[in-house]
Engineer: 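Right, I'll just put the structure down here and ask away after.
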Amino acid sequence: MPSDVAFIGLGVMGFPMAGHLAAAGHRVAVFNRTVSVAQRWSGEHQGRVAATPAEAADGADIVFMCVGADDDVRAVVYGDDGALAAMGEGSVLVDHTTASADLARELSAACAERGVGFVDAPVSGGEAGAQNGVLTVMCGGEAAHFERARPVMDAYARAVTLIGGAGSGQLTKMVNQICIAGLVQALSEGLEFGRRADLDLDAVLDTISQGAAGSWQMANRGTTMKAGEFDFGFAVDWMRKDLGIVLSEAERNGAPLPVTSLVDQFYKRIQELGGGRWDTSSLITLLLPPERRP
């Protein structure tokens, strides 16, 4: 059934996600700090533009957020103009931002005080997944709140899973980023090894992608890495933000992350080379001889 929803944050992920909600028939109100982006969204989709997060959230059954980091979330949730001030009892706040698990627990408690449900729901699948409506959503929160939001999230997701209590979605996203970091570095090393061994890399990728080495990264980034194309997908700057969250959590819980820590420093080097907006697959550039680097 159509719902009254709000979407706060119309970046490269939020813009198409909110569009899928409108296309699914939900009544959508949007807020974005850059007003021109919200106006562009309303020109492409059916929905209204709100002047504040509170105005967007007023009367909404479910309020979705997808902003930058912990403090950005707090800025649109709290205060007289924040979303929570306008949310009614029984509504649900869903945070798609990749943020800390501590923030998720904090928001869950703040929402509970107002009779509002909360689900931390970071996503995986990148810009293409958002545009095509096939994101993977990993959720934390109470089952009743999750079940209210899940059918609506189906508008832009192919998998929506409740992992556990508040913070579990964010912790699962951390596992996701740990795995990606190692995979991209290994794929980079394998491709550059194959190039220096004078192998036909197209044939190599086609062959090993069908075996145990196959992965999403190989299928979606192997060819573009070989071609030196890094102007799409999930940016290095965003990955470093996420890995910072991961490493802070690992310091707290004692998890050893030697490979992740090393790859984080590789991404730092790419930032220093001016590649902060390159796709995360740009790790391979650090392995190239100087004359072949972008």
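Position 1 is the first residue of the sequence, and the numbers go up from there.
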Engineer: So does Asp242 get a backbone contact from the side chain of Lys173, meaning a donor-acceptor N/O pair under 3.5 Å?
Structural biologist: no

Engineer: Indicate, with yes or no, if the rings of Phe7 and His26 have centres closer together than 6.0 Å.
Structural biologist: no

Engineer: In Å and rounded to the nearest 0.5 Å, what is the CZ to CG distance from Phe266 to Leu243?
Structural biologist: 12.5 Å

Engineer: Please confirm whether the backbone N or O of Gly244 pairs with a side-chain atom of Ser248, one donor and one acceptor, at under 3.5 Å?
Structural biologist: yes

Engineer: If I compare all heavy atoms of Cys139 with all of Val119, which pair ends up nearest, and what's the gap?
Structural biologist: CB-CG1, 3.8 Å

Engineer: Mind checking the CZ-CE spacing from Phe64 to Met153? Nearest 0.5 Å is all I need.
Structural biologist: 6.0 Å

Engineer: Could you check whether atom CD of Glu142 has more than 12 heavy atoms from other residues, nucleotides or ligands sitting under 6.0 Å from it?
Structural biologist: no

Engineer: Taking all atoms of both residues into account, what is the closest heavy-atom pair of Val49 and Ala38, and its distance?
Structural biologist: CG2-O, 3.5 Å

Engineer: Could you tell me if the side chain of Leu205 sits less than 4.5 Å from the side chain of Leu191, heavy atoms only?
Structural biologist: yes

Engineer: Heavy-atom count check: over 12 atoms from other residues, nucleotides or ligands less than 6.0 Å from Glu251 CD?
Structural biologist: no

Engineer: Do the non-hydrogen side-chain atoms of Leu103 and Arg74 ever get within less than 4.5 Å of each other?
Structural biologist: yes

Engineer: CD of Glu272: more than 12 outside heavy atoms within 6.0 angstrom?
Structural biologist: yes

Engineer: Is the shortest heavy-atom distance from the side chain of Met239 to the side chain of Phe234 under 4.5 Å?
Structural biologist: yes

Engineer: Compare every heavy atom of Gly79 with every heavy atom of Ala85, then report the nearest pair and how far apart it is.
Structural biologist: CB-O, 3.5 Å

Engineer: Shortest non-hydrogen contact from Arg48 to Asp58?
Structural biologist: NH2-O, 3.9 Å

Engineer: Spell out, as yes or no, whether a donor-acceptor pair under 3.5 Å connects the side chain of Gln210 to the backbone of Asp206.
Structural biologist: yes

Engineer: Short question: side chain of His20, backbone of Ala130 - any donor-acceptor pair under 3.5 Å?
Structural biologist: yes

Engineer: Mind checking side chain to side chain contact (heavy atoms under 4.5 Å, CB included) for Glu192 and listing every partner two or more places apart, or none if nothing turns up?
Structural biologist: Arg195, Arg196, Leu287, Leu288, Pro289, Arg292

Engineer: Okay, side chain of Arg114, backbone of Leu84: is any donor-acceptor separation there less than 3.5 Å?
Structural biologist: yes

Engineer: Between Lys226 and Asp202, is there a side-chain N and carboxylate O pair less than 4.0 Å apart?
Structural biologist: yes

Engineer: Would Val259 and Val175 show up in the same hydrophobic cluster when neighbours are defined by side-chain heavy atoms closer than 4.5 Å?
Structural biologist: no

Engineer: Closest heavy-atom contact between Leu21 and Ala155?
Structural biologist: CD2-CB, 4.0 Å

Engineer: Does the pair His45 and Phe15 meet the rule for a side chain to side chain contact (heavy atoms under 4.5 Å, CB included), with working shown?
Structural biologist: CA-CA 10 Å; His45 304 284; Phe15 194 105; 4.1 Å; yes

Engineer: I'd like to know if the side chain of Asp279 reaches the main chain of Asp231, judged simply by a donor and an acceptor atom lying under 3.5 Å from each other, with no hydrogens or angles considered.
Structural biologist: no

Engineer: Quick check: does any side chain N or O of Tyr267 sit under 3.5 Å from a backbone N or O of Thr280, one acting as donor and the other as acceptor?
Structural biologist: yes

Engineer: To the nearest 0.5 Å, what is the distance between CD1 (Ile270) and CZ (Arg277)?
Structural biologist: 14.0 Å

Engineer: Would you find more than 12 non-hydrogen atoms of other residues, nucleotides or ligands less than 6.0 Å from Phe193 atom CZ?
Structural biologist: no

Engineer: What residues form a side chain to side chain contact (heavy atoms under 4.5 Å, CB included) with Val134, not counting sequence neighbours?
Structural biologist: Asn132, Arg158

Engineer: Atom CZ of Arg150 and atom OG1 of Thr161: how far apart are they, to the nearest 0.5 Å?
Structural biologist: 10.0 Å

Engineer: Hey, any chance Leu187 and Leu183 share a hydrophobic cluster, counting ILVMFWY side chains that come within less than 4.5 Å of each other, even indirectly?
Structural biologist: no

Engineer: Output yes when a side-chain donor or acceptor of Asp120 lies under 3.5 Å from a complementary backbone atom of Gly167, and no otherwise.
Structural biologist: yes

Engineer: Does Val28 reach the side chain of Gln46, with side-chain heavy atoms less than 4.5 Å apart?
Structural biologist: no

Engineer: Does Asp264 come within less than 4.0 Å of Lys268, counting only side-chain N to carboxylate O?
Structural biologist: no

Engineer: Indicate whether the side chain of Ser100 and that of Asp102 have a donor and an acceptor atom separated by less than 3.5 Å.
Structural biologist: no

Engineer: Treating Ile, Leu, Val, Met, Phe, Trp and Tyr as nodes and any side-chain heavy-atom pair under 4.5 angstrom as an edge, say whether Leu273 and Leu262 lie in one connected cluster.
Structural biologist: yes

Engineer: Which distance, rounded to the nearest 0.5 Å, do you find between the OG1 of Thr98 and the CG of Asp70?
Structural biologist: 10.5 Å

Engineer: Are any of the side-chain heavy atoms of Val246 and Glu249 separated by less than 4.5 Å?
Structural biologist: no

Engineer: Would you say the side chain of Trp278 lies within less than 4.5 Å of the side chain of Thr285, judging by non-hydrogen atoms?
Structural biologist: yes

Engineer: Heavy-atom count around Asp80 CG within 6.0 Å, excluding the residue itself: above 12?
Structural biologist: no

Engineer: Assigning hydrophobic clusters by single linkage (Ile, Leu, Val, Met, Phe, Trp, Tyr; side-chain heavy-atom cutoff under 4.5 Å), is Ile180 placed with Phe230?
Structural biologist: yes

Engineer: Looking at CG of Leu10 and CH2 of Trp41, how far apart are the two atoms once the value is rounded to the nearest 0.5 Å?
Structural biologist: 7.5 Å

Engineer: Are Met17 and Ile8 connected, step by step, through hydrophobic side chains (Ile, Leu, Val, Met, Phe, Trp, Tyr) whose heavy atoms are closer than 4.5 Å?
Structural biologist: no

Engineer: Answer yes or no: is there a donor N or O on one side and an acceptor on the other, between the side chain of Glu229 and the main chain of Thr223, under 3.5 Å?
Structural biologist: no

Engineer: Do His96 and Met13 pass the side chain to side chain contact (heavy atoms under 4.5 Å, CB included) test, and can you show the C-alpha distance, the side-chain angles, and the key distance before you say yes or no?
Structural biologist: CA-CA 9 Å; His96 287 307; Met13 302 294 287; over 6 Å; no

Engineer: Are any of the side-chain heavy atoms of Asp72 and Arg33 separated by less than 4.5 Å?
Structural biologist: yes

Engineer: Heavy atoms, side chains only, cut-off 4.5 Å: are Trp238 and Val12 in contact?
Structural biologist: yes

Engineer: Under the side chain to side chain contact (heavy atoms under 4.5 Å, CB included) rule, what do Trp216 and Arg221 come out as? Steps first, then yes or no, please.
Structural biologist: CA-CA 8 Å; Trp216 186 97; Arg221 295 290 181 263; 3.8 Å; yes

Engineer: Is it the case that the side chain of Asp4 and the backbone of Asp61 share a donor-acceptor pair, with hydrogens and angles ignored and the cut-off at 3.5 Å?
Structural biologist: no

Engineer: What closest approach, in Å, do Ile284 and Ser188 show between heavy atoms, and which atom pair accounts for it?
Structural biologist: N-OG, 3.3 Å

